[in-house]
Amino acid sequence: MAEITATGSKARLYDAFAASGKALASGKRLELLDLLAQGERTVDALAKAAGLNLTTASAHLQTLKQAGFVATRREGVRIHYRLAGDDVARLFALLRNVAENHQAAVPAARDAYLGDDGAVEVSREELHARVAAGGVTVLDVRPVEEYRAGHILGAISIPVGELADRINELPEDSEIVVYCRGEYCVLAYDAVRLLADRGRRAIRLNDGMLEWRLADLPVDGASGTHT
């Protein structure tokens, strides 16, 4: 009898684990986690950024909330969503890495999405050292609200959609290091291609803000500065 009871308890435990896995079993929910890893957002902003209607975005966010992956706060009539903790960001990053290493479809899908910008890449450790030493221009090409929520110390904000019109704000005699949300973010690739076409020396951080935060490297922004 004790063994049967233990077996039932074990099944309930693993079913509880599986509930978290089910919440992640949607590409759009993973995209919402990716966006929330950049900072807190309203439902409206998330729906727009993910290309979803409001009803669908709300349903996906409720699934993530029920699984404990996101938390909310109310400001008037608006609901703001955020990741429930850094462990959720780490889980998301790990899931991508495991898929990259073991899911045959991922590398081809990645290459088709990101394309080839021909850029030299720099690691976050090398960029951190170069920022500390000075003499490098760091360009954040994410939307401005993401920049304000937290960015690499000293980074200039020019969203990729504005870069063509604002390129003269960047020094002509400096190497430009471009970054965006993370390793699979196309914004930095698009920005490097544009800069190269305009004759600028541009290289790319080989991952992005998600990995920078998880490595506990210096961040400046609304969430506070740490070094």
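To the nearest 0.5 angstrom, Asp190 atom CG is 9.0 Å from Asp117 atom CG.
Glu121 meets the side chain to side chain donor-acceptor pair (under 3.5 Å) test with Arg204; sequence neighbours excluded. With sequence neighbours excluded, the residues forming a side chain to side chain donor-acceptor pair (under 3.5 Å) with Arg96 are Glu211, listed by chain and number. Listed by chain and number, the residues in a side chain to side chain donor-acceptor pair (under 3.5 Å) with Lys22 amount to none (sequence neighbours excluded). For Arg201, the side chain to side chain donor-acceptor pair (under 3.5 Å) test picks out no residue, with sequence neighbours left out.
Surrounding CZ of Arg78 are at most 12 heavy atoms belonging to other residues, nucleotides or ligands under 6.0 Å away.
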Pairs of donor and acceptor atoms involving the side chains of residues 102-116, under 3.5 Å and at least two apart or interchain, shall be tabulated with distances.
from: Gln103; atom 1: OE1; to: Ala105; atom 2: N; distance (Å): 3.4
from: Arg110; atom 1: NH1; to: Glu100; atom 2: OE1; distance (Å): 3.4
from: Arg110; atom 1: NH1; to: Glu100; atom 2: OE2; distance (Å): 2.0
from: Asp116; atom 1: OD1; to: Gly118; atom 2: N; distance (Å): 2.9

Could you give the side-chain donor-acceptor pairs of residues 55-63 under 3.5 Å, partners two or more places apart or in another chain?
from: Thr56; atom 1: OG1; to: Asn53; atom 2: OD1; distance (Å): 2.9
from: Thr56; atom 1: OG1; to: Asn53; atom 2: ND2; distance (Å): 3.3
from: Ser58; atom 1: OG; to: Leu54; atom 2: O; distance (Å): 2.9
from: His60; atom 1: ND1; to: Arg29; atom 2: NH1; distance (Å): 3.1
from: Gln62; atom 1: NE2; to: Tyr81; atom 2: OH; distance (Å): 3.0
from: Thr63; atom 1: OG1; to: Ala59; atom 2: O; distance (Å): 3.2

Donor-acceptor pairs under 3.5 Å, side chain of residues 127-138 to any protein atom, not counting sequence neighbours: which ones?
from: Arg130; atom 1: NH1; to: Glu175; atom 2: OE1; distance (Å): 3.3
from: Arg130; atom 1: NH2; to: Glu175; atom 2: OE1; distance (Å): 2.8
from: Thr137; atom 1: OG1; to: Ser174; atom 2: OG; distance (Å): 2.9

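Residue Ile156 is grouped with residue Leu195 when hydrophobic side chains (ILVMFWY) are merged at heavy-atom distances under 4.5 angstrom, including chains of intermediate members.
Contact record, Pro143 with Leu187: CD-CD1, 4.2 Å, taken as the closest heavy-atom pair.
A donor-acceptor pair under 3.5 Å links the side-chain atoms of Asn101 to the main chain of Asn97, judged by distance alone.
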Go through the steps to decide whether Glu145 and Arg148 satisfy the test salt bridge (Lys or Arg N to Asp or Glu O under 4.0 Å), and finish with yes or no.
-> CA-CA 5 Å; Glu145 63 269 22; Arg148 289 172 179 160; over 6 Å; no

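Contacts classified as ring-ring contact (aromatic ring centres under 6.0 Å, His included) and involving residues 19-52 (residues at least two apart or in different chains) are not found. Sequence neighbours left out, the pairs with a member in residues 66-75 that pass side-chain hydrogen bond (donor to acceptor under 3.5 Å, both in side chains) are Glu40-Arg73, Lys65-Thr72, Glu75-His80. Residues in residues 149-170 take part in these ring-ring contact (aromatic ring centres under 6.0 Å, His included) pairs, two or more places apart or across chains: Tyr147-His151.
The hydrophobic side chain of Tyr184 is isolated, with no ILVMFWY side chain under 4.5 Å apart from it. Membership of the apolar cluster around Tyr14 extends to Leu13, Phe17, as traced through chained side-chain contacts below 4.5 Å between ILVMFWY residues.
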